[in-house]
Structure formats: C-alpha cells, structure tokens
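Worksheet: the structure to be examined is printed underneath.
Both ligands and their constituent atoms are indexed starting at 1 by order of listing. All heavy atoms count here, side chains included; hydrogens, waters and symmetry mates do not.
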Amino acid sequence: MRLDKFVCKSTELTRSDAVHRIHVGDVLVNGHVVTLEATQVHENNEVLLNGIKLKARSFRYIVMHKPAGTICSNIDEAYPSLFNYLNVDKVSELHIAGRLDADTTGMVLITDDGRWSFNIITPAKECKKVYRVGLSQAIAEGMADRFKEGIKLQGEQQLTRPATLEVVDSKEVILTITEGKFHQVKRMFSAVGNRVISLHREAIGDVKLDVEVGQWRYLTDSEVQSFSK
Ligand code: URA
C-alpha cells in the first residue's frame, strides 16, 4: 500500500494532510524519514507519525441492497449516489465491486480493498453474478443453449462467456454470468431480440442478498474469504 494511503487509513488525516506530513518529514518507515508519499509499505513495516506507531484500520467489506434510481458512483449526478445510504466514515475511500445501472436493483459489494474487488470483477476468477431478469417478450425456445454457447454483443469481437439461464416463467428468467461488461445483461437480451424491463442482482459468488432495500451490513469473515479463493 502507498505510504500516504497507509497514513490515511491509520489516522483521521485526509489524503492531502497525510501527504503534507510525509513531505515535512513527520513520517518514519522502519526508522528512516520517508518523504515520498508513493513509497510502498507493507504490514510488517513500522510506520511512525511524530513518534507514534501507526496501525492501519482493517479493510471494510459491505453488502448493500441498491434501490432503483440510485447510481453506483461516490457522488450524486443525474441520480443520487448509493453512498447516501451508507453512514460510515471516509466514504470516499470506498468503491463498488461491479456497478449496477441506475434502474437496476439488488446486491452491490462495497469495499476499500482493491485486491479483493479485483477477484470479484475479473472474468478470470469466474465469480458468479446472479440476476433476476424481467423481459418484454416471452423467452424463446433454445435460449438456455444460446446463452451457454455465448452471445455476440453489439460492438464486441468475442462471445460472452458461458452463462446459465433458468426460466422462471415465460417473461422472467434467472441469468448467471461470470463477467461484467458494460450493460451486459441488457445487451445479451437485446442481441437475441428481447428487452430487459426489470433487472435485479440476487447474489454474487456464494453471498445472497439478505438485506432490505436501502439497507446494508458488513460481510462476515467467511463471506469475505469466499471471494479470495
Ligand atoms: N447488466 C446490465 O445490463 N445492467 C446492470 O446493471 C447489470 C448487469
């Protein structure tokens, strides 16, 4: 982790205050003054600020139920930010592991641990995202096979990765995908001549959404670990 981030995570200082304290020589790493804020530090390094040993706060891992009409951004734009529902400190340090569109509801994972969220987002880890999808037209025959084989999205060279489609009723399906291209679910159905009219994410990996709309909770340790396999 960068030294300025470490100082922020272990104090109440803002990033610019932390950088200032580093520049003026208030910060020692393993007994040496370090004035470069981009210096990498590790858990076993001893970092002192004016002689006081710093201990970085642990990372935060949150599951939230996103309401419709909110955006997965740290600031309000055309719609209010989802983060308005999150009454925790240093919200600006948090990010969402796999954004949802403004009109999509359901599960979002929020963290300040970039390595952890990478495991969720990268297609290489094949982390499952489960969506309940409402469609404008009845699902056509043979769609489960087409989604399994991969769909050619407009503007993309490669087919989508194999996806699992379960029919709930003629206009409602459960779709499980392991990647997260821009508007992926809507584009997959558009590519087969249908249209998504409602979209709700029910689960990511082994974690199922179990909080009410607009509510959130911290993940348990085992839930956190389940994404690091
Ligand atoms: N796919 C979409 O099209 N939209 C979302 O919000 C999530 C997945």
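- In this structure, the side chains of Val207 and Leu219 come closer than 4.5 Å at one or more pairs of heavy atoms.
- Within 6.0 Å of NZ in Lys152 there are more than 12 heavy atoms belonging to other residues, nucleotides or ligands.
- Hydrophobic clustering of Ile, Leu, Val, Met, Phe, Trp and Tyr side chains at less than 4.5 Å, counting indirect connections, unites Leu109 with Tyr61.
- Taking the side chain to side chain donor-acceptor pair (under 3.5 Å) definition, one finds that Ser136 meets it with Asn194, sequence neighbours left out.
- Listed by chain and number, residues touching ligand 1 at under 4.0 Å (heavy atoms only) are Leu100, Asp101, Thr104, Tyr131, His183, Gln184, Val185, Lys186, Leu199.
- With rounding to the nearest 0.5 angstrom, the CD1 atom of Ile174 is 3.5 Å from the CZ atom of Arg132.
- A salt bridge links Asp103 with Lys186: the closest approach of a Lys/Arg side-chain nitrogen to an acidic carboxylate oxygen falls below 4.0 angstrom.
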